Each structure stands twice: as structure tokens, then as C-alpha cells.
Amino acid sequence: MCKLGSDHMSTYATSAIPDGELHSPSSRNDATNARVPISAILGCRFPDRQLIHSLLEDYFEAVHWFSLVVCERRFRRSLSSVDEGYASPSDAPFLTLLSIVLAMAAWYRSKRIAAEDCREWQQWTSDLIHIVESRMVYIMDDRSVTAVQTCILLGSHHVYHGRPNLSFALLGAAIKISHALGLHRHIAQGDAEDIEERKRVWWTVYTWDRFASISYGRPMTINDEDCDVQLPTEFAECPYFVQESTDEHGLDRGIVYSPYQTELSKLYRIASPALRNIFGYLSPGSTKQRFETEYASLANAAMGTTRITELPKLAALAKDSHLVAFMAINVFHAGIVLILLALSDPLSDRAQQLKRIVSRVLRLQEAMGEQSALSRQSGMVLQNLIALLVRREGDAMLGRLAPAMVQAGDRRGQVSRCEDHAMAEATPYGAPLRAHTAEVSGHASAMSPEGQVWPNVGVAQRLNESLASVQHGKTTDAHNML
């Protein structure tokens, strides 16, 4: 409504009205645009020009290809305005974005050099992250693409490096600001670079929302029906900022970074209906049916993810980029699923094969643990769950676990095998998940050595019990790490 009378209201403040202007034009004056040292604006030391350019090359090498948040040409122009170490207070949003970009670059540089030399870069990371976090209230009050970019990168850093809960909250902020800006809507006319930057930022937020749903097991926030923005356009970008690099390669020689982001966005769009069914409308009454009908898909997805353990060269390359923690969290989830399936039938041939795969996942996590706290911690959780699996296997061998069986009607004493053969044939790794069998005379349930009655259960029940064991093991491991 404010915008309907914008010709007559331009001199009035509307910042207290939802979607109103943050500042009235009359409140701006030349004094607020006076150029001062960057450190005076941010209240903290800031890298000099040479160091900024050097770190930006590290950022483009380690992060930009994976998280396509900034548009290089526009970013370079904004950088040129503060390149001499001076800026105006109105440049604070870009300086905050630049701070998180440099912080991430310094973090990866600290991982590439000798341990005795990395302290300086770790301190730069800490100082620059502090700048961004100290300005979070201002960021969230700044309805701009720059604010969304800052939230994305800060959240991306924290989800992979030790503060995933904060990352989830930052995702919510990024989505809300994006909606306020209309990034989810198609724009037919306007500046080409501005439109392209908006598309890049939106699809990065979109993929982050889907990734978070899978990683946290929570409902998605973005509804596909609300979005009609096109995927990013492919064009070359120049990753060179240091003078020596530009002299060697030239600013015209660029790299097309967008295919990875585009294909990932397409994949998540295809997966969105399944994610919505799993996380968006999960109800207790459908749990049993979901386990039985989606068991094969769950197993196949986990097996496919763990194939990364067969590509050691790719894993080695990932250690020096933003991909390392992304790989770690995905193979961790796959390892959890495989342990869950093995726990449901610990003496089966399939469980033995699953254990071999889980051991490779653990070795990969240990190899990446030098670069990622997420890898180190998930490796510890996997070790704890492997120990749980070994104990369960021992209990089964010693008869301490009751057979899993399905009662046929109301006939007492009849034992049947709990198996869906067609579902098992859909799995890629051999024999079906068979129930242990035992001769139980005159009873519809088995008796443990301790006198505990074990009910007849099916695949869903066994998987539920295994999941409870895994969750208990993860909780125990978390307490041990505190």
C-alpha cells in the first residue's frame, strides 16, 4: 500500500511498516558517505589490498565452484570501490560479505600449510568471522541480495565446521530475506547481471534448503509451487585477483562454474516430492508402511553414496575444498543407514557385506578428519555404532536376541519367515533380509534367557528397533564427546 502512493510519500519514513523503506531519503547526507578506513567502519583489523587479492584466489579455488553465491563481475566492481583500504559507511554490507569470503579463504589456507605456520590464518579466520557475527542484526535488517549472500556463506561455513544449529537458523533468515526480495520470482526485464546474480543466490538458497531437510530430517521451507525463477545462465568468470595471476592468465580467460550448481538444483527439484513426503508429511500412522515400501530405495541410496569410498583420488582432491565436509556428512548418513540395516539382521550374509562397506566409510572419514571437524566427530559416532553392531551380533550368536518373526493370523505356535522377496530382489547386494528362525512350541512369542518376552515383529518393527539402538548409541557418543 505504501508503494501505491510512492510519488507523494517519498519524503516520509515508512521503515516501521512491513515492506516499507528502511530509511527516508531525507535522512541521508553527505557526511554518512565520507570515506574512512575500513577498520574504522568494522571496528576490527582488516586485511590490506595485497592480502585481500591473494585470499580471494583461494576462495574461488576452494569455495566458489561449490557454492555459487557471488557474481564475479559485480563482486569485482564492488571490490574496486574499497580496494585502497577506505570506504564509506554505506559500503558496510559489502564489507561484511567480503569479510566472510576472506574468512573462508583463510580457513582453507590454514589447512594447506604446515601446522606451525597456520596460526596466523586461523586468527584471520576468527577475526573476520567475528566481524560478520557482530553485525548479524544489521545484516538481517538489510533487505538486500548482499545480506542473503552473507547469510548463505556464514551458514555454509558453520554447517561444515562445527556449528550446524546456527547454520540452520541462518538458512531460515536467508529464505525469509529472499522471499522479501522476490528472488523466487521470475523477472523478465532489468539489468542482466542483476538478474543473473538474483538467480544464483536463489538457487543456492534452494539447494541449501533441500540439503538441510535431508541432513536435519526436518520439513522443507521452500515450496516449489511458489517459485518460477529460471536456473542460472552459464558464463565464464575470472578467478584471478593477484597481479601476477592476471598478468599470466589475463582477465578474459575465465572458468564456467555454474554447471555444478545447475545440475545440483535440477537434482533437488526432482527429489523434492520425495523429500516432501518423507519430511513434510511424516505421521506416526504411516511409519510402518513407509519402512516396508521405501526400504529398497533407502538401501540403494545409501549404497550409491558409499561408492565414493572407491574413488580415493576424488576424496583426496576434496580435502582442499568446500566439498570435504559435504562429502563427510553424506557418507556419514549413508553409514548410519547401512548400520541400521545390519542391526536389523546381524547374522545375515548381507550384514557381513554391509560391515565391510561401513569400515571403508570409517576409513574415509578418518582420512578427511584432518580437514573437517564434522568428519572427525562423525567418525567417532560411527566407531561407537560399529561397536554396538558387534555387540548385537554377539548377542545373536549367543541366543540373547529373539528371532524376528511374523505371527500368521491367530494360530499360536506357528512361526513364519518375515520377508518380502520382491522388495529384497530390488536391492543390489545379494540375499534378502531374512528373519532368524527358531522352534517355538505353543507360544506366539519367544523367550530370552533373561525371561523377557519378545513379540513377533516384521521388517518395519525390526528397523524401528535398530533405529532406536542407533539413536541411543549416537546420544551416548555425544555425551562422551562433551
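Residue numbers count from 1 along this sequence. Scope of the values below: all heavy atoms of this structure, side chains included, with no hydrogens, waters or symmetry mates. Quantities reported herein were computed from a predicted structural model and do not represent experimental measurements.
Other residues, nucleotides and ligands place more than 12 heavy atoms under 6.0 Å from the CZ atom of Arg360. Environment of NZ in Lys355: crowded, with over 12 heavy atoms of neighbouring residues, nucleotides or ligands closer than 6.0 Å. More than 12 heavy atoms of other residues, nucleotides or ligands sit less than 6.0 Å from atom CD of Gln383. Counted within 6.0 Å of CZ on Phe66, heavy atoms from surrounding residues, nucleotides or ligands total more than 12; the atom is thus considered enclosed. For Tyr138, the OH atom counts as loosely surrounded, since its 6.0 Å shell holds 12 or fewer non-hydrogen atoms of other residues, nucleotides or ligands. Applying the 6.0 Å contact sphere to CZ of Arg307 captures no more than 12 heavy atoms from other residues, nucleotides or ligands.
Pairing each heavy atom of Ser144 with each of Ile177, the nearest pair is O-CG2, 4.0 Å. Here the closest non-hydrogen pair linking Trp208 and Cys151 is CH2-O, 3.7 Å. Contact between Trp121 and Arg109 at its shortest, heavy atoms only, is CH2-NH1, 3.2 Å. Taking each heavy atom of Ser178 and Val205 in turn, the nearest pair found is OG-CG2, 3.9 Å. When all heavy atoms of Ala105 and Leu55 are compared, the closest pair comes out as CB-O, 3.1 Å. Of all heavy-atom pairs between Ser156 and Met104, the closest is OG-CE, 4.3 Å.
By the 4.5 Å heavy-atom criterion applied to side chains, Cys71 and Phe235 are counted as neighbours. For the pair His179/Ile175, a side-chain contact is recorded, criterion being any heavy-atom separation below 4.5 Å from C-beta on. Looking at heavy atoms from C-beta onward, Leu95 lies out of side-chain contact with Ile131 at the 4.5 angstrom threshold. Taking 4.5 Å as the limit, some side-chain heavy atom of Val229 sits within range of a side-chain heavy atom of Trp203. When side chains are defined from C-beta on, Val36 does not count as touching Ser88, because their heavy atoms never get closer than 4.5 Å. Between Arg376 and Met380, the closest side-chain pair of non-hydrogen atoms is not below 4.5 Å. By the 4.5 Å heavy-atom criterion applied to side chains, Cys238 and Arg76 are counted as neighbours. Between Ile308 and Val361 the shortest side-chain heavy-atom distance does not fall below 4.5 Å.
Residues Tyr108 and Tyr59 keep their aromatic ring centres 6.0 Å or farther apart.
Atoms OG and CG, on Ser39 and Asp48 in that order, are 12.0 Å from each other to the nearest 0.5 Å. Atom-to-atom distance recorded for Asp127:CG and Gln122:CD is 12.0 Å, nearest 0.5 angstrom. Distance CG/Leu171 to OG1/Thr221: 6.0 Å, rounded to 0.5 Å. Expressed to the nearest 0.5 Å, how far CG of Leu42 lies from CG of Leu128 amounts to 9.0 Å. Rounded to the nearest 0.5 Å, atoms CD1 (Ile270) and OG (Ser265) are 11.0 Å apart.
Using the six-membered ring where Trp is involved, Phe241 and His53 have ring planes that are perpendicular, over 60° apart on the 30 and 60° scheme. Between Trp202 and His184, the ring-plane angle classifies as tilted under the 30° and 60° cut-offs.
A salt bridge links Arg185 and Asp228; the closest N-O separation between the charged side-chain nitrogens and carboxylate oxygens is under 4.0 Å. A salt bridge links Asp224 with Arg210; the closest basic N to acidic carboxylate O contact falls under 4.0 Å. Ionic pairing of Glu133 and Arg163 is present here: one or more N-O contacts between side-chain nitrogen and carboxylate oxygen are shorter than 4.0 angstrom.
Side-chain atoms of Asp142 do not come within 3.5 Å of backbone N or O of Ala147 as any donor-acceptor pair. When atom types are taken as modelled, the side chain of Arg392 and the backbone of Ala387 share no donor-acceptor pair closer than 3.5 angstrom. The backbone N or O of Gln50 lies less than 3.5 Å from no partner atom in the side chain of Ser54, so there is not a single donor-acceptor pair. Side chain of Thr207 to backbone of Thr204: a donor-acceptor contact under 3.5 angstrom is found. Thr305 places no side-chain N or O within 3.5 Å of a backbone atom of Asn330 that could act as its donor or acceptor partner. At distances below 3.5 Å, not a single donor-acceptor pair connects side-chain atoms of Ser375 with backbone N or O atoms of Ala328.
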Derivation of the side chain to side chain contact (heavy atoms under 4.5 Å, CB included) call for Leu183 and Val145: CA-CA 9 Å; Leu183 298 186; Val145 172; 4.1 Å; yes
Audit row: Leu364, Phe332, side chain to side chain contact (heavy atoms under 4.5 Å, CB included) steps and yes/no: CA-CA 10 Å; Leu364 177 62; Phe332 173 58; over 6 Å; no
Derivation and outcome, side chain to side chain contact (heavy atoms under 4.5 Å, CB included), residues Val159 and Phe168: CA-CA 8 Å; Val159 75; Phe168 191 77; over 6 Å; no
Verdict with reasoning, Leu56 to Phe75, per side chain to side chain contact (heavy atoms under 4.5 Å, CB included): CA-CA 11 Å; Leu56 285 176; Phe75 184 85; 3.8 Å; yes
Tell me which donor-acceptor pairs under 3.5 Å the side chains of residues 190-199 have, and how far apart each pair is, sequence neighbours excluded?
from, atom 1, to, atom 2, distance (Å)
Asp191, OD2, Glu193, N, 3.2
Asp191, OD2, Asp194, N, 2.9
Glu193, OE1, Arg77, NH1, 3.3
Glu193, OE1, Arg77, NH2, 2.5
Glu196, OE1, Lys199, NZ, 3.4
Glu196, OE1, Thr233, N, 3.3
Glu196, OE1, Thr233, OG1, 3.1
Glu196, OE2, Thr233, N, 2.8
Glu197, OE1, Arg74, NE, 2.9
Glu197, OE2, Gln149, NE2, 3.1
Arg198, NH2, Leu181, O, 3.0
Arg198, NH2, Gly182, O, 3.1
Lys199, NZ, Leu231, O, 3.4
Lys199, NZ, Thr233, OG1, 3.2

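Partner of Arg200 under the salt bridge (charged side-chain N to carboxylate O under 4.0 Å, His left out) criterion, out of Glu234, Glu72, Glu237: Glu237 alone. Of the residues listed (Val82, Ile38, Ile41), the one engaging Asp91 in a side-chain contact (heavy atoms from CB on, under 4.5 Å) is Val82, and it is the only one. Gln365 pairs in a side-chain contact (heavy atoms from CB on, under 4.5 Å) with only one of the listed residues (Leu382, Val381, Thr309), which is Leu382. For the side-chain contact (heavy atoms from CB on, under 4.5 Å) with His333, the qualifying choice from Ile336, Ile329, Val337 is Ile329, the only one to do so.
Side-chain N/O atoms of Tyr206 and Ser272 include a donor and acceptor closer than 3.5 Å.
Geometrically, Arg45 engages Trp124 in a cation-pi contact, judged by NZ or CZ lying under 6.0 Å from the ring centre and within 45° of the ring axis.
For residues 92-106, the pairs satisfying side-chain hydrogen bond (donor to acceptor under 3.5 Å, both in side chains) are Thr96-Arg135, with sequence neighbours left out.
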